[in-house]
Amino acid sequence: MAQYTRVSGSVGLITLQNPPVNALSAAVRLGIGEAVQRALGDQEVQSVVICGQNGLFCGGADIREFGKEMTGPPLVPMIHAIEAATKPVVAAIEGSALGGGLELALGCHYRISHCKARLGLPEVTLGLLPAAGGTQRLPRLIGVPAALNLITTGHHVTAAEALQLGIVDQVTEHNAVDVAVKFALSVTGKPLHDRRVSSLECPAAPDLDSLFEEAMLKVRVACVQAVRAAATLPYARGMEREKALMATLFGSGQARALQYFFFAQRAVGRWSTPGGARWDTSQPRPVRTAAVIGLGTMGRGITVALAQAGLSVVAVETQAKQLTEARKAVAGMLKRAAVRRGTTPEPGSITYSDQLQAAARADLVIEAVFEDMEVKETLFRQLSAVCRPDALLCTNTSSLDVDHLASQTRHPHLVLGMHFFAPAQAMKLLEVVYGARSSPTAVATAMQLGKTMGKVSVAVGNCRGFAGNRMLKRYLEQAFFLLEEGATPEGVDRALEEFGFAMGVFRMSDLSGLDVGWRVRKAEGLAQSGLTGPSARVRQGRRYSPLGDLLCEHQRFGQKSGRGWYQYEPDPWLHRFLEEYRARHGLLPRRIDQQEVLERCLFVLINEGFQILEDRIVAGPEDIDAIYVLGYGWPRHRGGPMFYAHMVGLERVAQRLEHYHQAHPEVPYLQPCGLLRRLVASGSPPIHRWRRAIAGPHSQL
Ligand SMILES: CC(C)(COP(=O)(O)OP(=O)(O)OC[C@H]1O[C@@H](n2cnc3c(N)ncnc32)[C@H](O)[C@@H]1OP(=O)(O)O)[C@@H](O)C(=O)NCCC(=O)NCCSC(=O)C[C@@H](O)CCCCCCCCCCCCC(=O)O
């Protein structure tokens, strides 16, 4: 797992070999330790170079080993042995040096980096801290302020930035290993004491105390405490502190959730459908030219996302005024993004037209017109006539029936949903919605295109609301019911925000606009005005809350109209309105605590997630978790709704749902769904076994 060779006569070359990212697994650590001993014991060898195979230095500790019993030699003494070596050791950094990978490089006496490499200590994003000396060596090398920034944010830096900060000694455009070998020859025999980072004094910085106090407020407390130890304690005591702090983090729920989510985001790429199509047997088609139809907010964002991914984009809008505004808005978005990245915008890849005919030569078309079935039906018929027969026709609908739209075209196997989240140029999530007739190639092509745009694409079956909005509906309804029963928007939002959501459900609803859901409910025949008496709160045989509809009837559409669930000016209207509403319907308000808010809103959403798994709308719990963390603001440090259910315990989730169902029998989906009950009955297997437990006719449940 680490190859040792001698090159250029006197340089021992140690190559980490653990594809795909040369993570520091037990075997790699063992291999490095043995290779270092060999190099130091070899009389012919005067200096050593450490590199990674396949152009990537090292992605850090092997995260898959966390949570299991540690085997193999530990990392910290191995890095100490490298630093203590009496022959110069040079790290040749290509690709990435992250986490333990950078800590290994910091233990070397010199670091040479390829110009395209990225370096960083991202442990904090996994709920950990850099505990292989990272919190002690980096501040000694680049000073406390810069080290604190890198360690507490987990940000990666480019090779040029690393050179400026003093993390690396040289940056090259050539083969970094060749350059490092030459460099190693040139430093043979030079004194090493000043090159051992652990022996350096932390550079003095003014007002360190207030810097630490300020950083403490930004929550990465363990990281800050570890770096403070570097600034105030001798190296050996700092290392003890680093280890003790890491031990408190290691088994924490947050660390487990963040590490789970790291792999979940990657697992969704290995998609499959109940029809048997799979990521590894389906070939994506190349997409060079894409057309976007409809240049409202979503269409503009999608145009930018496609252009930034290097595609030629044909942007079509039939209304002249909207087209002119869109052209300006897109140019502005591209300019701002280029300024942020320090590049120049390339608007040349976008052509604009007011004619659908302009989409005729596109490989793939994404429509983002008004969310109305009739409008979209007509458009799909037109696209089917105008576009190439092999063009993929995609809809950005957030809830309409993809199969129905496919049936309007001549080639239904080439029709898909590509559900972007606003703002489309920035949000990481893409739901790729396959219909009953979508071909595996079509799914693979849309999934690949999402990846090219830098998104996490999740394959989702066609159903009302797909995965994300279908679950959201249950969550929103519970929040409305809680208001009926005595809760306030502030109280519900507070509970959800303390749980970790960036925004509670009512604040989120105000931001996205209450009229959007109202329009959908009207189209579904749910929202009806003027109903009174008990029938006002029952629709289609189930409990229904018309509160959202009533707010819209009072022109309270959220932030866009200045008022929604909140008033953006002093106005006691909403609480009075709720009191009158409860009195009118004979509802006795009661005190609702935070636990009930969380259980009602979150467990019902989780229950719908289990139903979605059971319906085979998605292939596994990771899909739902990726959708909720990346698209709906579920706190990442809680791993996603399905991981949260696993952490809480399936039995408890099922029990609490049952409890609420007994209290509210008119809400059928509070009843634990079949899959959840079967998982509990089969002993609540851990989340990584659910996929297998659910799969196909051979289900173990
Ligand atoms: C490296 C990347 C930038 C590459 O990106 P790319 O897009 O090219 O590829 P993918 O991201 O798709 O990855 C490909 C593939 O590889 C898997 N993978 C990536 N990184 C790792 C990894 N580090 N470990 C394992 N597997 C990895 C990935 O999952 C993909 O496979 P899949 O099957 O899922 O498709 C990019 O991959 C990336 O950013 N990687 C993560 C980088 C990172 O976060 N590194 C930090 C790791 S944590 C770390 O290094 C900790 C160190 O500080 C050392 C700690 C020392 C511990 C000492 C402990 C002492 C304390 C005592 C504790 C007490 C214990 C007790 O009490 O029990």
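The first residue in the sequence is number 1, and the count goes up from there. Just so you know, ligand 1 is whichever comes first in the structure, and atom 1 is the first atom listed for that ligand.
Checking atom 67 (O) of ligand 1 against the protein gives no heavy-atom contact under 4.0 Å.
Nearest protein heavy-atom contact of atom 59 (C) of ligand 1 is Met246 CG, 4.3 Å. Scanning the protein for heavy atoms near atom 9 (O) of ligand 1, the closest one is Val21 CG1, 4.7 Å. Distance from atom 14 (C) of ligand 1 to its nearest protein heavy atom, with residue and atom name: Pro20 CG, 3.7 Å.
Less than 4.0 angstrom separates some heavy atom of Phe250 from each of these atoms of ligand 1: 65 (C).
In terms of polar-atom proximity, Gly59 is counted as a contact of ligand 1, with an N or O under 3.5 Å from an N or O of the ligand. Checked by distance only, ligand 1 and Arg64 come closer than 3.5 Å through their nitrogen or oxygen atoms. Between Pro130 and ligand 1, a contact under 3.5 Å exists for no N or O pair. At least one N or O atom of Ala131, backbone or side chain, sits closer than 3.5 Å to an N or O atom of ligand 1.
Here the two rings, on Phe499 and His637, have centers that are 6.0 Å apart or farther.
Residues forming a ring pair (Phe, Tyr, Trp, His ring centres under 6.0 Å) with Trp690 (at least two apart in sequence, or on another chain): Phe610.
Residue contact annotation: Arg270 has a non-hydrogen atom under 4.0 Å from ligand 1. Heavy-atom distances between Asp62 and ligand 1 reach below 4.0 Å in at least one pair.
Under the 6.0 Å distance and 45° angle rule, Arg266 counts as a cation-pi partner of Phe262.
Contact annotation: the side chain of Asp625 never approaches that of Val268 to less than 4.5 Å [non-hydrogen atoms, C-beta and beyond].
The neighbour count for Arg256 CZ, taken as heavy atoms of other residues, nucleotides or ligands under 6.0 Å away, does not exceed 12.
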Acceptor/donor pairs from residues 238-245 side chains to any protein atom, 3.5 angstrom cut, sequence neighbours excluded:
from   : atom 1 : to     : atom 2 : distance (Å)
Glu242 : OE1    : Gly133 : N      : 2.7
Glu242 : OE2    : Gly133 : N      : 3.3
Glu242 : OE2    : Gly134 : N      : 3.3
Glu242 : OE2    : Thr135 : N      : 3.1
Glu242 : OE2    : Thr135 : OG1    : 2.7

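Evaluated for a side chain to side chain donor-acceptor pair (under 3.5 Å) with Ser198, the options His80, Glu83, Arg137 yield exactly one hit, Glu83.
For the residue pair Leu16 and Cys58, the shortest heavy atom distance occurs at CD2-CB, 3.9 Å.
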